[in-house]
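Below is one structure, written out as structure tokens; the observations come after it.
Computed from a prediction, not measured in an experiment: that's the story for all the values here. Naming: A, B, ... by sequence-line order, numbering from 1 per chain. These numbers come from the heavy atoms of this one structure, side chains and all, not from hydrogens, waters or symmetry mates.
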Amino acid sequence: MYEYDVIVVGAGGAGLRAAIAAQEAGADVAMVTKLHPVRSHTGAAEGGINAALREGDDWELHAYDTMKGADYLADAPAAEALTQESPEEVIQLEHWGMAFSRDDDGRVSQRPFGGLSFPRTTYAGAETGHHLLHTLYEQVVKRGIDVFDEWYVLNLAVSDEERPEDRTCHGVVAYETATGNVEAFTARDGVILATGGLGQVYDHTTNAVANTGDGVAMAYRAGVPAEDMEMIQFHPTTLPSTGVLISEGVRGEGGILYNDEGERFMFEHGYAKNDGELASRDVVSRAELTEVNEGRGIEDEYVHLDMRHLGEERILDRLENILHLAEDFEGVDGLEEPMPVKPGQHYAMGGIETDEFGRTCVDGLYAVGECACASVHGSNRLGGNALPELIVFGKRAGRHAGGEDLGDPRIPVGRTGEVEPGDVETPVELGEPWGAAAVADGGAAAEAAEAVVERTLERERERIDRLLERDEGTQHADIRAAVQRTMTENVNVFREESALKEALVDIHAARQRYRDVYVADPSSTYNTDLIQTIETRNLLDIAEMITVGALAREEFRGAHWRKQYQERRDDEWLKHTMVSWSDGSPELWYKPVVLEGEAGAYEPKERSY
Amino acid sequence: MSTQRPETETETESAETDAEAAEGTPKERRLDEKRRRAEERERKRVEEAERVAADAERYHLKVFRYDPEVAGKQEPRFDDFHVPYETGMTVLDALIYARDEFDASLTFRHSCRQAICGSDALFINGRQRLGCQTQLSDLDQPVRIEPLPHQEVVKDLVVDMEHFYDQMESVEPYFQTTDRPDGELEEQRQSRENREKIKTSTRCIWCGACMSSCNIAAGDNEYLGPAAINKAYRFAMDEREGEEMKQRRLEIVEEEHGVWRCQTQFSCTEVCPKDIPLTEHIQELKREAVKSNLKFW
């Protein structure tokens with residue numbers, strides 16, 4: 001049994017920043033991560049960090065761009081926190097030594113990015129995330145914060161009250177990969193989930209293999225609602241064979257998209273007459289797929305991204321990493337040829353519902369970074385807005401959990417504010433069958449913190465034993481592949497009702513098969529088979545939440561395109577889709593978007609680029 | 001390859017475990033039965049592998065296997081996998097295929113698949129490489145895949161990285177400056193030239209390939225090694241830290257098991273998947289140390 005004030009789960013950008021902030025607030029902190037911190041997927045971020053640093057720019061412009069980019073599904077207090085605090089956070093990173101690209105006068109460089117009204121994307125070559133991750137980890141090393149690396153968190157230790165809003169999170173239970181030990185970590189003041197993305201629910205994704213949505217699934221089963229899960233961002237420039245990301249920085253620096261007929265289709269086919277390649281990501285992704293679907297794609301699959309005209313010097317200075325990626329993963333020399341690109345799953349804009357301090361409706365449980373939904377990205381995240389989210393909200397949650405008073409939140413969480421019940425017609429029974437018990441079933445009497453942690457520890461030990469002892473059945477890889485296939489085919493950039501329903505049928509079938517899942521590897525030494533089996537269960541929950549949300553939202557907003565509904569319908573759909581665990585199946589409800597901010601109210605307007 | 005494999009130790013331990021299990025609890029008996037069936041499946045898998053071996057469209061992998069806990073794997077061995085080939089397939093893709101289709105217990109680290117997380121450094125056809133960055137078509141068959149040499153093997157292709165991390169953390173791997181700008185929102189200035197100078201050194205992904213390729217590190221466990229020295233270089237050469245701190249950093253790399261141990265064999269530079277000129281960086285620190293008149297051995 002380990003005991004700390006604050007436990008941070010996950011050690012990417014958000015987790016590391018949260019740990020530093022919690023320690024600075026006086027807390028005794030530990031990080032528990034299934035990888036080693038420097039292996040986290042933040043390292044793969046390329047483009048940059050948006051921050052209004054320069055004369056002529058200010059946080060209000062950045063906030064406006066963010067709200068517009070989000071197609072008005074973002075909450076203004078969160079978007080304003082992001083844009084107000086990102087300048088100091090970016091400068092803080094510089095003070096911690098981060099190797100930003102520089103202008104001639106020695107100041108940090110900024111460049112244009114899609115959907116921004118000012119070139120405010122600060123960057124370090126085309127490997128900004130790598131530098132950010134390592135810089136933050138260096139600070140964690142400096143501060144001597146305890147890191148439990150290659151420990152996989154299995155579950156949250158949450159008390160058992162009937163209403164999630166009455167529950168408290170007292171810690172986590174984790175599995176030590178190297179030895180197979182299952183241990184409890186008690187958190188006196190708070191658990192901060194920073195578990196990152198969920199892209200492994202798709203088979204064509206920029207996300208790492210480790211991005212299996214564990215935090216979202218755990219919080220969901222502990223009673224915390226998931227918000228706007230249908231809002232999945234597809235990045236317009238990923239390499240066709242692997243899903244490896246080609247940074248938006250390429251278009252920011254002036255890269256051009258061509259179809260098979262050599263047309264600069266963003267302009268010539270009228271997808272974005274003003275901004276062309278620098279329209280926001282949802283617009284460019286749809287344009288590319290429309291070109292392919294109308295027979296103007298290359299090899300019926302992709303389009304070309306050309307950066308040759310930028311010149312070798314500029315490419316080597318600002319986009320060198322892109323040359324290596326195109327060469328290593330597609331065999332293309334970006335100095336000599338255009339690069340093949342197509343849209344791929346990239347980012348989850350929804351996630352665990354939090355307020356602007358990262359708090360969930362369960363006392364003592366926080367979520368930050370991609371696993372959380374504060375919500376700053378709404379239905380379309382602007383490029384360069386993910387990294388400031390990690391550091392701004394990581395810091396806020398860390399400080400709050402560490403005991404600082406940050407005032408009253410303006411974004412309501414849980415079913416305490418104004419809510420509206422939801423309903424959706426599905427072809428199959430959702431959720432069940434499960435087999436295993438829920439995390440928090442409700443109804444039990446109030447328990448002492450220790451008892452909650454002990455009970456969770458026992459349950460998780462039993463779960464691991466059960467999985468290990470089982471001797472035959474279905475392997476997780478088959479189930480995972482089936483889910484990834486149906487999500488990519490049916491819940492992608494373009495969404496149709498029949499396809500969404502088909503996906504639900506497939507997910508239901510995958511659940512049935514998961515009842516028979518077994519772990520072939522009997523070893524307790526580095527049993528990745530076991531960990532992937534548990535991750536696969538999380539993916540099932542995540543796939544279902546995304547698909548149910550997509551089926552329910554009968555409108556076209558941001559990244560969410562529906563064949564029958566080709567318009568944004570503010571009168572009915574200017575609201576967040578919420579999904580709550582209800583005896584194992586997802587229960588839908590809605591809460592209003594908060595459009596009132598410090599800079600006034602953000603009035604929804606037509607989005608044109 | 002002659003590296004430290006914990007063979008003898010684990011054999012003794014496992015003999016005890018087996019004896020306990022035979023008369024153990026029902027759970028242990030069930031696990032024992034499970035292991036027996038796992039062996040049976042393993043036999044079938046080998047037969048299947050032999051059957052498909054003749055298929056020319058398949059790539060032949062020879063993969064190192066070892067598990068201190070599983071009977072039959074306690075004695076290190078190589079397993080053969082025959083993986084159907086597709087254009088663009090990497091060593092990591094082939095390993096994932098082998099694991100998902102043939103043997104779920106095949107164990108290796110991997111995550112990003114794009115040469116940035118640094119977790120799948122392996123010894124492939126006699127050289128340290130990242131599995132995800134290595135095209136199968138560039139390799140002679142059979143493709144021999146082993147864990148990084150000179151590191152303790154935990155299981156199959158997974159090695160213990162603790163020593164590597166300790167060395168990295170021993171060089172005070174964090175920015176230290178006294179020269180903070182006045183304004184809250186003012187950054188420190190850094191010239192483009194200076195950033196260019198440290199650029200390649202900042203690319204290290206901590207994969208451990210260089211350390212594993214280094215003969216000196218293999219013979220001297222205390223040698224800082226190329227990655228840690230490169231980390232020191234990254235800060236020592238950063239003009240923002242100032243002269244005083246640079247001297248301190250030079251003292252760290254100049255200690256007995258520091259830069260002077262390097263014998264300029266270039267193996268670290270050859271295997272670095274991020275093309276960091278590690279040997280050059282080590283030599284440059286030696287020169288800097290001489291220039292600043294510090295003591296040396």
Open item on the list: So B/Lys274 and A/His324, do their side chains get closer than 4.5 Å, heavy atoms only?
Closed with: no
- [ ] Heavy-atom pairs under 4.5 Å with chain B are the metric here; pick the option from A/His95, A/His134, A/Gln475, A/His41 that has the most.
- [x] A/His95
Open item on the list: Heavy-atom pairs under 4.5 Å with chain A - which of B/Asp100, B/Ile198, B/Asp93, B/Asn194 has more of them than the others?
Closed with: B/Asp100
Open item on the list: Nearest 0.5 angstrom please: B/Glu186 CD to A/Leu53 CG, how far?
Closed with: 10.0 Å
Open item on the list: Under 4.5 Å from any heavy atom of chain B, what part of A/Glu127 do you find: side chain, backbone, both or neither?
Closed with: side chain
- [ ] Begin with the C-alpha distance, continue with both residues' side-chain angles, and end with the deciding distance and a verdict on salt bridge (charged side-chain N to carboxylate O under 4.0 Å, His left out) for A/Asp521 and B/Lys155.
- [x] CA-CA 12 Å; A/Asp521 188 352; B/Lys155 174 179 170 183; 2.6 Å; yes
Task: OH-CG distance between A/Tyr526 and B/Leu157, expressed to the nearest 0.5 angstrom - done: 11.5 Å
Open item on the list: With a 4.5 angstrom heavy-atom cut-off, is it the side chain or the backbone of A/Ala124 that approaches chain B, or both, or neither?
Closed with: both
Task: Considering all heavy atoms, the nearest A/Gly43-B/Ile116 contact - done: O-CG1, 3.2 Å
Task: Residue among B/Glu169, B/Glu101, B/Arg109 with most heavy-atom pairs under 4.5 Å to chain A - done: B/Arg109
- [ ] Just give me the residue among B/Thr107, B/Asp275, B/Ile96 that pairs up with chain A most often, heavy atom to heavy atom, under 4.5 Å.
- [x] B/Thr107
TODO: With a 4.5 angstrom heavy-atom cut-off, could you sort out which part of A/Glu472 is near chain B: side chain, backbone, both or neither?
DONE: side chain
Task: Parallel, tilted or perpendicular: ring planes of B/Trp206 versus A/Tyr137, cut at 30 and 60 degrees - done: perpendicular
Task: Per-residue contact mode, A/Glu46 against chain B (heavy atom under 4.5 angstrom) - done: side chain
TODO: Find the distance between CD (B/Gln176) and CH2 (A/Trp96) and round it off to the nearest 0.5 Å.
DONE: 14.5 Å
Task: Between B/Glu69 and A/Ser524, a side-chain donor and acceptor under 3.5 Å - done: yes
- [ ] Please flag which part of B/Arg113 lies under 4.5 Å from any non-hydrogen atom of chain A: side chain, backbone, both or neither.
- [x] both
Open item on the list: Looking at every heavy atom in both A/Thr528 and B/Leu106, which two are closest together, and how far apart are they?
Closed with: OG1-O, 4.4 Å
Open item on the list: Under the criterion side-chain contact (heavy atoms from CB on, under 4.5 Å), I'd like the reasoning laid out for B/Glu187 against A/Thr122: C-alpha separation, chi angles, the key distance, then a yes or no.
Closed with: CA-CA 12 Å; B/Glu187 65 264 50; A/Thr122 315; over 6 Å; no
Open item on the list: Report which part of A/Gln92 has an atom under 4.5 Å of a heavy atom belonging to chain B: side chain, backbone, both, or neither.
Closed with: neither
Open item on the list: Within a 6.0 Å radius of atom CD on B/Glu244, are there more than 12 heavy atoms belonging to other residues, nucleotides or ligands?
Closed with: no
Task: Best-contacting candidate, A/Glu469, A/Glu88, A/Arg39, against chain B by heavy atom pairs under 4.5 angstrom - done: A/Arg39
TODO: Would you mind checking which part of B/Glu239 comes under 4.5 Å of any heavy atom in chain A, side chain (CB onward), backbone (N, CA, C, O), both or neither?
DONE: neither
Open item on the list: Let's test your reading of the structure: which of B/Glu86, B/Arg203, B/Glu241, B/Gln133 forms the most heavy-atom pairs below 4.5 Å with chain A?
Closed with: B/Arg203
Task: Choice from A/His36, A/Gln139, A/Glu150, A/His476 maximising heavy atom contacts with chain B below 4.5 Å - done: A/His36
Task: Option in B/Lys231, B/Met168, B/Glu193 with maximal non-hydrogen atom pairs under 4.5 Å from chain A - done: B/Lys231
Task: Portion of A/Ile531 that has a non-hydrogen atom of chain B nearer than 4.5 angstrom - done: neither
Task: Interatomic distance, B/Ile205 atom CD1 to A/His130 atom NE2 [nearest 0.5 angstrom] - done: 8.0 Å
Open item on the list: Treating B/Arg195 as the side-chain partner and A/Ala99 as the backbone partner, does any N or O pair qualify as donor plus acceptor under 3.5 Å?
Closed with: yes
- [ ] Taking all heavy atoms of A/Asp317 and all of B/Arg192, pick out the closest pair and write down the distance.
- [x] OD2-NH2, 3.0 Å
Task: Trace of the side-chain contact (heavy atoms from CB on, under 4.5 Å) decision for B/Met161 with A/Asp149 - done: CA-CA 11 Å; B/Met161 293 290 287; A/Asp149 64 304; over 6 Å; no
Task: Option that, when pairs with chain B are counted at under 4.5 Å, heavy atom only, ranks first among A/Met98, A/Arg102, A/Glu330, A/Gln532 - done: A/Arg102
- [ ] Name the member of A/Leu133, A/Leu530, A/Asp529 that forms the most heavy-atom pairs with chain B at distances under 4.5 Å.
- [x] A/Asp529
TODO: Please flag which part of A/Asp104 lies under 4.5 Å from any non-hydrogen atom of chain B: side chain, backbone, both or neither.
DONE: both
Open item on the list: Quick check on B/Val70 against chain A: is it the side chain, the backbone, both or neither that has a heavy atom closer than 4.5 Å?
Closed with: side chain
Open item on the list: If I measure from the heavy atoms of chain B, does A/Arg480 come under 4.5 Å with its side chain, its backbone, both, or neither?
Closed with: neither
Open item on the list: Is there a side-chain contact between A/Thr242 and B/Gln114 in this structure, where contact means two heavy atoms from C-beta onward sitting under 4.5 Å apart?
Closed with: no
TODO: Measure distances from B/Lys199 to the heavy atoms of chain A and classify the residue's part below 4.5 Å as side chain, backbone, both or neither.
DONE: side chain
Open item on the list: Is B/Glu172 close to chain A through its backbone or its side chain, or both, or neither, when contacts mean heavy atoms under 4.5 Å?
Closed with: neither
Open item on the list: Can you give me the closest heavy-atom contact between B/Asp67 and A/Ser523, atom names plus distance?
Closed with: OD2-OG, 2.7 Å
TODO: Say whether, by atom type as modelled, one donor and one acceptor occur between the side chain of A/Lys142 and the main chain of B/Tyr174 under 3.5 angstrom.
DONE: no
TODO: Work out which heavy atom in A/Ala208 is nearest to a heavy atom in B/Cys112; give both atom names and the distance.
DONE: CB-CA, 3.8 Å
- [ ] Can you tell which part of A/Ser241 gets under 4.5 Å to a heavy atom of chain B, answering side chain, backbone, both or neither?
- [x] neither
TODO: Flag the one option from A/Leu325, A/Asn207, A/Asn527, A/Leu35 with the top tally of heavy-atom pairs under 4.5 Å to chain B.
DONE: A/Asn207
TODO: Can you tell which part of A/Thr135 gets under 4.5 Å to a heavy atom of chain B, answering side chain, backbone, both or neither?
DONE: neither
